[in-house]
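Report on one structure; see the data block that follows.
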Amino acid sequence: MKGLTVRLAEERDRQVIRDVEERAFGGMGEATLVDSLVAADDAVLELVAEREGEIVGHILFSRVFVEAGDDRFPGVALAPAAVLPDWQGKGVGRAMIRDAHKRLQAAGEKLSVVLGDPAYYGRFGYEHGRAAGFASTYQCDALQAVAWGEAPSSGKLVYATPFGAL
Ligand SMILES: CC(C)(COP(=O)(O)OP(=O)(O)OC[C@H]1O[C@@H](n2cnc3c(N)ncnc32)[C@H](O)[C@@H]1OP(=O)(O)O)[C@@H](O)C(=O)NCCC(=O)NCCS
């Protein structure tokens with residue numbers, strides 16, 4: 001989309017991010033999750049999409065671990081992603097996910113997981129097959145993963161503590 005900028009979220013954006021999350025999801029659950037993840041220092045990457053100075057989208061990736069025996073492999077979990085209702089279906093989500101994936105790979109991240117619509121997240125490389133071997137309370141067809149290098153395909157998926165409050 002023309003004129004769309006994706007940038008790192010900053011402290012001054014917090015209230016607007018809450019508002020975007022609440023309006024996108026029609027409730028406070030995701031906004032509260034975002035605040036809790038940030039407060040607990042569990043956020044790995046947080047971006048906003050801006051158009052003409054207005055924040056129209058927000059995305060957060062938090063730390064997740066794949067645990068197997070003594071091994072603890074760090075990955076990221078995409079949740080939540082939110083676009084203001086008037087701006088949905090115009091490529092804002094796509095721009096944020098693509099930008100985030102580039103930044104995550106540049107930072108050396110190897111594995112990202114998401115719980116969401118496979119018809120949407122499949123566009124960005126996520127597959128249930130890549131996540132099917134993980135033990136998780138979220139295990140289902142909507143649990144998907146994408147790997148950008150060597151990463152485990154089995155083990156227990158441990159999300160950041162704030163997810164437990166959902
Ligand atoms: C889900 C969400 C983040 C996607 O962002 P978006 O900006 O609306 O999506 P985009 O415009 O980037 O979509 C890219 C493509 O996927 C398609 N698409 C959008 N939502 C889709 C869905 N649920 N299933 C399949 N395809 C979808 C779009 O039509 C578009 O297709 P195109 O490339 O052929 O034009 C946004 O719609 C939203 O905030 N929804 C409400 C909150 C939510 O459900 N968040 C996700 C759970 S974490």
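What you see below is based on every heavy atom in this structure, not just the backbone, and it leaves out hydrogens, waters and symmetry mates. Indexing begins at 1, ligand by ligand and atom by atom, following the structure's order.
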Note to self: Are there over 12 heavy-atom neighbours, none belonging to E150, within less than 6.0 Å of that residue's CD?
What the structure shows: no
If the cut-off is 4.0 Å to any non-hydrogen atom of [X], which atoms of ligand 1 fall inside it?
X	answer
G91	10 (P), 11 (O), 12 (O)
A24	39 (O), 41 (C), 42 (C)
V92	7 (O), 12 (O)
A119	25 (C)
G89	6 (P), 7 (O), 8 (O), 11 (O)
A82	39 (O)
K90	11 (O)
Y121	46 (C), 47 (C), 48 (S)

Item checked: Test side-chain contact (heavy atoms from CB on, under 4.5 Å) applied to V76 and V114, V113, L111, L104, the passing residue -> L104
Could you find the nearest protein heavy atom to [atom] and give me its residue, atom name and distance?
atom	answer
atom 45 (N) of ligand 1	A81 O, 3.0 Å
atom 7 (O) of ligand 1	G93 N, 2.7 Å
atom 39 (O) of ligand 1	V83 N, 2.8 Å
atom 1 (C) of ligand 1	Y120 CE2, 4.4 Å
atom 34 (O) of ligand 1	R123 NH1, 3.6 Å
atom 44 (O) of ligand 1	F25 CE2, 3.9 Å

Specify the closest pair of heavy atoms between [X] and [Y], including all atoms of both residues, with the distance to one decimal.
X	Y	answer
A9	V48	CB-CG1, 4.1 Å
Y159	A77	CE2-CB, 3.7 Å
S62	V44	C-CG2, 3.8 Å
H58	M96	N-SD, 3.4 Å
G57	V92	CA-CG1, 4.3 Å

Item checked: Within one Ile-Leu-Val-Met-Phe-Trp-Tyr cluster: F61 and F25, side-chain cutoff 4.5 Å -> no
Does ligand 1 come near enough to [X] that some N or O of the ligand is less than 3.5 Å from an N or O of the residue?
X	answer
A95	no
L115	no
R94	yes

Checklist line | Sidechain N-carboxylate O distance under 4.0 Å for E67, R72 | finding: yes
Next item on the list: Assess the pair Y120 and F124: is the distance between their ring centroids shorter than 6.0 Å?
Entry: yes
Next item on the list: Establish, from distance only, whether the side-chain atoms of Y126 and S112 form a donor-acceptor pair under 3.5 Å.
Entry: yes
Check: Which of the listed options, Q88, M1, E30, holds the heavy atom that is closest to atom 38 (C) of ligand 1?
Finding: Q88
Notebook entry, point to check: Nearest to atom 23 (N) of ligand 1 by heavy atom, D117, V20, I59: which?
Noted result: D117
Check: Among R103, R7, R14, whose salt bridge (charged side-chain N to carboxylate O under 4.0 Å, His left out) with E46 holds?
Finding: R14
Notebook entry, point to check: Looking at atom 28 (C) of ligand 1, is any protein heavy atom nearer than 4.0 Å to it?
Noted result: no
